[in-house]
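To keep things clear, I will list the structure first and then write my remarks on it.
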Amino acid sequence: MGVAKFKKKILNYLNYTSADLDYKIDKKALLKATCLSVNDSIFEKLQATNLNNTQQNSRSINYLSLEYLMGRMLSNNLHNMGIFKVAQKAIKDLGFELEDICENGHDLALGNGGLGRLAACYLDSLATLDFNAVGYGIHYEHGLFEQQFHDGRQIETPDEWREYGNPWEVCRPEAVQEVALYGFVENIAAADGSVKKIWHPGQIIKGIPWDVPIVGYNTDTVNVLRLWESRASSHFDWEAFNAGDYQDAHSAQTQAETISKVLYPNDDTDAGKELRLIQQYFFCACSIKDIIRRYQKRYQNDWSEFSNQVVVQLNDTHPTIAILELMRRLIDEYDFKWLDAWAVCQKVFAYTNHTLLPEALEKWSVQLFEKVLPRHLEIVYEINQHFLNNEVAKLWPDNDDMRRKLSIIEEGDEQMLRMAHLCVITSFKVNGVAEIHSSLVKQDLFPEFNQLWPDKLINVTNGITPRRWLKACNPLLSELISETVDGDWATSLPLLSQLKKQASNSQFQQKFMQVKRQNKIKLTAEIKKLTGVEVSPDAIFDVHIKRLHEYKRQHLNLLHILALYRRLLADPNLDMQPRVFIFGAKAAPGYYLAKEIIYAINQVAEKINNDARINDKLKVIFLPNYRVSLAEKIIPAADVSEQISTAGKEASGTGNMKLSLNGALTIGTLDGANIEIAEEVGEDNIFIFGLTVDQVKALDNQGYNPFEYYQNNEELKAVLDWLDTDYFTPGNAGELSVIKQSLLEGGDPYKVLVDFQSYCECHQRLGDTYKDTQKWAEMAIINTAMMGKFTSDRAIEEYAKNIWSLKKVKTNGDSVGLVIDNKKTG
Ligand code: 26Q
């Protein structure tokens with residue numbers, strides 16, 4: 001498409017859709033018109049992809065995830081459609097900058113953090129690699145809360161992402177589903193002695209599908225992300241209304257619509273809530289119904305092809321109920337024998353584990369489950385009996401300990417369903433998300449399951465899409481790379497290794513660092529805009545961006561900042577490279593200590609940023625409302641990437657990959673994907689510190705006394721004691737003491753004090769290295785050059801080959817623009 005044609009389209013939409021009465025173009029209207037202009041071509045490709053999948057009868061992967069962190073869509077869709085430059089010129093002709101227009105877009109923030117963003121990257125790769133894939137999720141009315149700081153404290157406000165409509169979604173009334181809840185199960189004895197189960201639900205909810213097109217990069221494939229919104233099944237209770245009972249008429253509707261109202265923040269205190277269970281079931285039931293609907297369009301009631309046509313990936317245990325729902329539908333509605341239904345499920349489901357933290361492993365009270373999903377609980381019992389009596393009894397006969405340990409039902413004061421056990425028992429493959437994580441899943445989390453089924457547990461190291469995380473977010477670096485590297489690195493990221501031979505070339509080093517400097521200058525302006533603080537692009541930009549959690553140890557970073565500050569106060573002429581520490585993090589609303597850590601960082605920032613004595617050598621910036629679109633601004637400008645979780649706690653991390661790809665050097669522990677990043681870039685090009693997984697385990701076994709570290713390290717003691725004073729909270733001594741307490745009396749569960757010394761020394765080395773600008777440039781270039789492994793394309797190819805047995809479906813360009821018989825498409 002040419003510039004003139006695109007411009008004409010935009011103007012058309014402005015006239016006919018926005019009917020701009022002021023006769024002047026407003027940025028929001030221009031954004032909408034631009035989105036609609038590219039949507040024309042996107043939907044054409046979407047239809048063609050659909051038709052093609054039907055014609056080729058291709059097997060599909062159904063990605064089930066309660067979370068998708070898509071971010072903004074316009075710039076990525078333009079890049080993937082190959083019309084970014086065209087749009088840029090067209091918008092310029094209209095007197096605007098495309099970048100400016102994109103800034104008016106709202107993030108699609110239907111997720112919490114890593115797991116949700118991973119799902120979004122995987123959808124991008126699935127479309128780019130021409131796989132027949134559907135993403136299923138929930139159309140939350142409010143995504144992740146927006147974060148503001150009031151007097152340094154986090155305040156949450158609702159995310160209103162659809163306030164002005166969302167141009168990237170289309171409602172699909174033809175695929176509406178109904179979902180049952182509550183009620184009771186009736187047993188009807190048949191003549192042959194079998195028992196027919198009939199579930200009499202207490203409530204019916206409607207699921208409305210909204211489709212978001214997922215555009216592949218440089219290909220004709222456009223897949224779909226299908227998001228379910230809940231509604232009351234009959235729109236309004238007119239009988240009640242006419243009888244004057246307005247409240248009753250409304251309440252059923254309100255209750256039903258509550259289900260998809262809000263995304264749960266990942267918060268342990270929220271686990272176990274009835275609404276969350278209903279949300280999960282609503283989502284699973286709609287998605288399974290839709291998968292069956294699509295299958296039956298092709299095969300009607302012939303079920304023999306189901307497991308050849310359908311594979312379902314469970315993104316963590318959150319969609320586990322899909323297993324029970326498919327069992328229920330096959331047995332109760334399609335008259336499958338129990339073992340036949342089970343055989344289908346075992347071929348269809350695969351499960352990705354994202355955590356080893358015991359408190360994050362999902363459990364549901366049996367009592368609650370029985371109330372909401374009585375029939376599904378019966379199915380759990382039956383699966384468990386088969387499993388214990390056949391599989392467990394075979395390997396460990398008469399072993400009650402083992403039965404207790406592996407059972408889906410955990411005994412105790414309250415019986416609980418262990419969702420991960422159900423997932424592992426059913427799934428044909430279970431994967432962890434980085435080498436170290438997957439081996440810990442085998443060794444520590446599920447050793448007995450690994451003994452039972454030695455080939456079931458595997459690894460697929462996470463990946464990120466280079467389209468969003470380099471091409472779109474860092475145009476200057478992308479340009480430099482494209483000048484230097486042969487081939488399309490955006491689809492073949494390992495091509496970046498060609499940069500390695502430029503790493504010691506001083507001319508290239510200068511260009512590379514010039515790009516970094518430009519990006520830093522840009523971020524400097526953003527920092528000023530968002531916080532009012534001025535920072536210098538000559539300082540080291542040290543970035544710590546991720547959800548706030550004790551295991552991610554933002555407070556270790558804070559203690560080191562306090563140590564630097566103290567040293568500067570003692571000697572304002574200290575030979576230290578100026579540093580700007582940049583944080584971005586949301587804390588779950590109910591996570592008390594995480595919120596206190598945010599407060600502490602903000603208070604320390606306030607003090608340090610206004611302290612004239614230290615000559616601007618240290619600045620601390622906490623950017624509010626961290627989200628995908630903010631990450632896209634921070635990452636290209638980062639010199640240093642903080643990846644400092646306690647070894648063994650971070651399953652993979654993906655921010656580590658994004659930062660390194662954009663030429664930041666990692667300071668990190670040997671945890672998650674950091675280990676594989678170190679392998680790729682070489683240990684000379686990364687700053688590693690701290691305990692290893694084995695050392696953490698040894699310390700846990702022998703018992704650890706944080707007071708010893710406190711007493712034996714003068715600097716550590718001083719910075720911890722500082723938290724008890726009112727130095728950072730004038731007039732309110734002790735406001736920051738909770739952090740110290742958690743590290744001393746609280747037992748320091750994440751070994752912050754143990755790693756403090758080694759972290760400080762590592763930062764010292766890092767600072768010394770930065771002084772050698774050539775050396776630093778060389779290391780940064782090597783980081784970008786060696787990130788090829790971490791493209792989500794590689795990860796998706798591994799899933800397709802090792803788990804899904806999925807072949808690519810090249811869309812036949814001819815079918816684009818055909819008049820399509822809708823009955824034949826899925
Ligand atoms: C649980 C109960 C109730 C409500 C919400 C939740 C909930 C929601 C989201 C629990 C966990 C999550 C998200 C977890 C997550 O993001 N895990 C991260 O996944 C990334 C992708 O694999 C990894 O890189 C990170 O290491 C891992 O922490």
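One-based numbering, in listed order, for ligands and for the atoms of each.
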Practice prompt. Examine ligand 1 and decide if any of its atoms is less than 4.0 Å from a heavy atom belonging to R117.
Written response: no
Worksheet entry | Distance flag, aromatic centroids of W804 and Y799, threshold under 6.0 Å | yes
Discussion item. Please determine whether a side-chain nitrogen of the Lys or Arg among K261 and E257 lies less than 4.0 Å from a carboxylate oxygen of the Asp or Glu.
Written reply: no
Discussion item. When you compare ligand 1 with H318, is there at least one nitrogen or oxygen pair between them that comes in under 3.5 angstrom?
Written reply: no
Fill in: Sub-4.0 Å atoms of ligand 1 with respect to non-hydrogen atoms of Y264
4 (C)
Worksheet item: Is the NZ or CZ atom of R276 positioned over W364's six-membered ring, under 6.0 angstrom from the centre and within 45° of the axis?
Response: no
Item to complete: Could you tell me which atoms of ligand 1, counted from 1 in the order shown, lie closer than 4.0 angstrom to a heavy atom of H354?
Response: 19 (O), 21 (C), 22 (O), 27 (C)
Worksheet item: Quick check: does Y551 get an N/O under 3.5 Å from an N/O on ligand 1?
Response: yes
Worksheet item: Should the heavy atoms of other residues, nucleotides or ligands under 6.0 Å from CD of E410 be counted, would the total exceed 12?
Response: yes
Worksheet item: Which is closest to atom 1 (C) of ligand 1 by heavy-atom distance: R276, Q280, K649?
Response: R276
Fill in: Exceeds 12 heavy-atom contacts within 6.0 angstrom, atom CD of E160
yes
Response to the item:
Residue pairs meeting ring pair (Phe, Tyr, Trp, His ring centres under 6.0 Å), one or both in residues 413-432, sequence neighbours left out, come to H421-F449
Worksheet item: Looking only at distance, does K552 have an N or O less than 3.5 Å from an N or O of ligand 1?
Response: no
Worksheet entry | Atoms of ligand 1 close to A651 [distance to a heavy atom under 4.0 angstrom, numbered from 1] | 26 (O)
Worksheet item: Any nitrogen or oxygen of L115, main chain or side chain, under 3.5 Å from a nitrogen or oxygen of ligand 1?
Response: yes
Worksheet entry | Contacts of F790 that satisfy ring-ring contact (aromatic ring centres under 6.0 Å, His included) - sequence neighbours left out | none
Worksheet item: With only distance considered, is V433 within less than 3.5 Å of ligand 1 through an N or O on each side?
Response: no
Worksheet item: With backbone taken as N, CA, C and O and side chain as the heavy atoms from C-beta onward, which portion of E67 lies under 4.0 Å from ligand 1: side chain, backbone, both, or neither?
Response: side chain
